[in-house]
Amino acid sequence: MTIALDRPHKTKSAQIREKLGYPIIDTDVHTQEFPPAFLDYLEQVAGTAIAERFQEHLPGASRSKWFKQSWDERRANRTARPPFWTRPTNDPLNLATVSLPKLLHERLQEAGTDFAVVYPNLATMAPHIGHEEMRRAVCRAANTYHADIFRPYSDRLTPIASIPMHTPEEAIAELEYAVKVLGLKAIQIPGHIRRPIPAFEKYGEEVANEAIWIDTFGLDSKYDYDPFWAKCVELKVVPTTHSSGMGWINRRSISNYQYNHIGHFASAAEALCKSLFFGGVTYRFPTLKFAFLEGGSAWGASLYTDLIWHWDTRNKDHLVENNNPANIDREELLELYTRYGGELVHGRLDQLGSGLGFHAELVAPLEPGDLDEFAVAGVTKPEDIRDRFLNHFYFGTESDDTRVAQAFNRKANPYGDRVKAFLGSDSGHWDVPDITAIAANTYSMVERKIITEEDLQYFLSIHPLELYTSLNRDFFKGTAVEKTADEFLAAKETR
């Protein structure tokens with residue numbers, strides 16, 4: 001029996017898809033596991049003891065204590081209010097769609113979407129499990145489970161492999177298993193690892209759990225992750241990320257989940273993006289691209305512009321010429337203070353110092369160290385920033401996020417470029433309960449003249465094709481998008 005395809009009328013989204021004449025690729029469709037079936041896989045991977053204990057190790061399990069605490073305890077511990085009521089419940093069809101691959105495959109077509117990359121909820125949490133044995137077992141079980149249940153529907157759906165990143169070695173091990181054994185072709189890495197600050201570990205586990213730093217695998221990382229990036233290139237997989245920033249210092253309201261939620265995906269993604277850029281990953285691996293999901297694309301446009309602005313005003317040559325304290329003409333400075341200082345400075349000009357004020361005198365020495373903070377990124381001119389950024393970073397954006405106009409604002413963006421936003425609907429969560437509304441929501445931005453028809457094609461089709469075929473020309477082979485992907489690659493080669 002079918003449910004979605006037997007409905008009497010085509011959805012508005014399906015009608016829009018027919019009119020467009022090119023495929024719609026959704027890069028972020030959420031699903032959730034059927035718990036009894038997943039536990040079978042986990043037990044097979046790691047044994048009964050791990051399967052029985054895994055829920056207490058899930059990220060967020062510690063935050064759930066908020067519901068059991070009194071207000072005095074919440075204030076004393078600054079326990080952030082966690083997520084609640086995050087699944088669509090007003091229609092059983094929408095809720096079942098989140099869990100059942102066969103139904104999702106059917107409704108995807110009803111929605112007019114040709115292909116989707118699937119992000120299972122457990123798989124997005126698994127790499128953040130602190131306990132190593134549990135983390136690696138849950139990632140392995142999740143990857144095996146999803147590879148199995150989605151394999152019959154690979155013409156339109158492909159699940160991500162969940163890659164733990166606490167060390168490069170564990171990341172490489174799971175990546176090789178996921179690609180070579182399970183046949184998965186899309187991956188997700190955590191955007192960061194919470195690591196204890198060594199100087200505070202002596203104060204005990206509770207302090208160490210709070211006194212943490214955020215390791216983002218590029219700049220200032222604990223490990224050299226280049227072997228992992230090299231393995232991604234070798235195995236032809238594009239790293240994507242879908243990590244939370246809730247619980248970070250400015251997202252720890254004890255009373256308001258919305259306060260903690262707003263902007264948290266973008267914040268976590270920006271931390272990783274800056275780290276990959278300034279850590280030189282996009283310089284050393286010129287063919288490797290990255291995608292950031294669920295944070296929108298406005299922050300990407302802002303960061304791109306900000307990087308170029310910082311280069312213009314903080315590159316080494318500019319600093320040496322315009323900001324070096326040694327440049328100050330002391331005699332001229334003293335004359336100006338004498339002429340205009342009046343009683344404010346009278347009798348105290350011998351204490352003038354450099355004239356730069358308390359903050360500069362105390363914090364910034366005359367020899368601050370390496371001035372060229374763009375060197376590791378391989379940047380010697382602003383065009384290098386454009387190339388290291390725009391050629392490498394893609395930004396998943398929800399279908400009703402009108403701020404995508406900033407990514408496509410070629411008049412405002414440096415060099416008249418589009419920032420590479422693409423559809424990542426986030427369907428399956430509380431904000432997108434009905435998968436059949438996605439294409440209609442997106443097209444409404446054209447109808448309202450927020451983006452152009454040309455922008456829309458980049459958003460729905462060209463950018464995801466570009467990303468996923470960048471390393472693996474056969475990514476869409478055997479799928480509903482194969483013909484379009486072949487045509488895209490052929491056209492690219494003739495340019």
- Would you please test Y443 and E453 for side-chain hydrogen bond (donor to acceptor under 3.5 Å, both in side chains) and show each step? CA-CA 9 Å; Y443 193 74; E453 288 274 6; 2.9 Å; yes
- Note on the structure: Looking only at heavy atoms, the pair that brings D114 and A480 closest together is O-CB, 3.8 Å
- Residues R418, D455: salt bridge by 4.0 Å N-O rule: yes
- Message: Is the terminal nitrogen or CZ of R74 (NZ for Lys, CZ for Arg) located under 6.0 angstrom from the six-membered ring centre of W66 and within 45° of that ring's axis?
- Response: yes
- Message: Please determine whether a side-chain nitrogen of the Lys or Arg among R135 and E174 lies less than 4.0 Å from a carboxylate oxygen of the Asp or Glu.
- Response: no
- Message: Once rounded to the nearest 0.5 Å, what's the spacing between atom OH of Y283 and atom CZ of F277?
- Response: 12.0 Å
- More than 12 heavy atoms of other residues, nucleotides or ligands under 6.0 Å from CD of E331: is that the case? no
- Six-ring centre of Y257, R81 cation under 6.0 angstrom, axis tolerance 45°: no
- Task: Determine the interplanar angle of the Y394 and H463 rings, folded into 0 to 90°, and report it as parallel if under 30°, tilted if 30 to 60°, perpendicular if over 60°.
- Result: perpendicular
- Query: Taking the six-membered ring for Trp, are Y225 and W229 parallel (under 30°), tilted (30 to 60°) or perpendicular (over 60°)?
  - Reply: tilted
- Quick one: are F217 and P168 in side-chain contact, heavy atoms under 4.5 Å? no
- Task: Count the heavy atoms of every other residue, nucleotide or ligand shown that sit under 6.0 Å from OH of Y415, and state whether that count exceeds 12.
- Result: yes
- Check the pair H166, H128 against side-chain hydrogen bond (donor to acceptor under 3.5 Å, both in side chains), reporting the backbone distance first and the verdict last. CA-CA 9 Å; H166 277 63; H128 291 283; over 6 Å; no
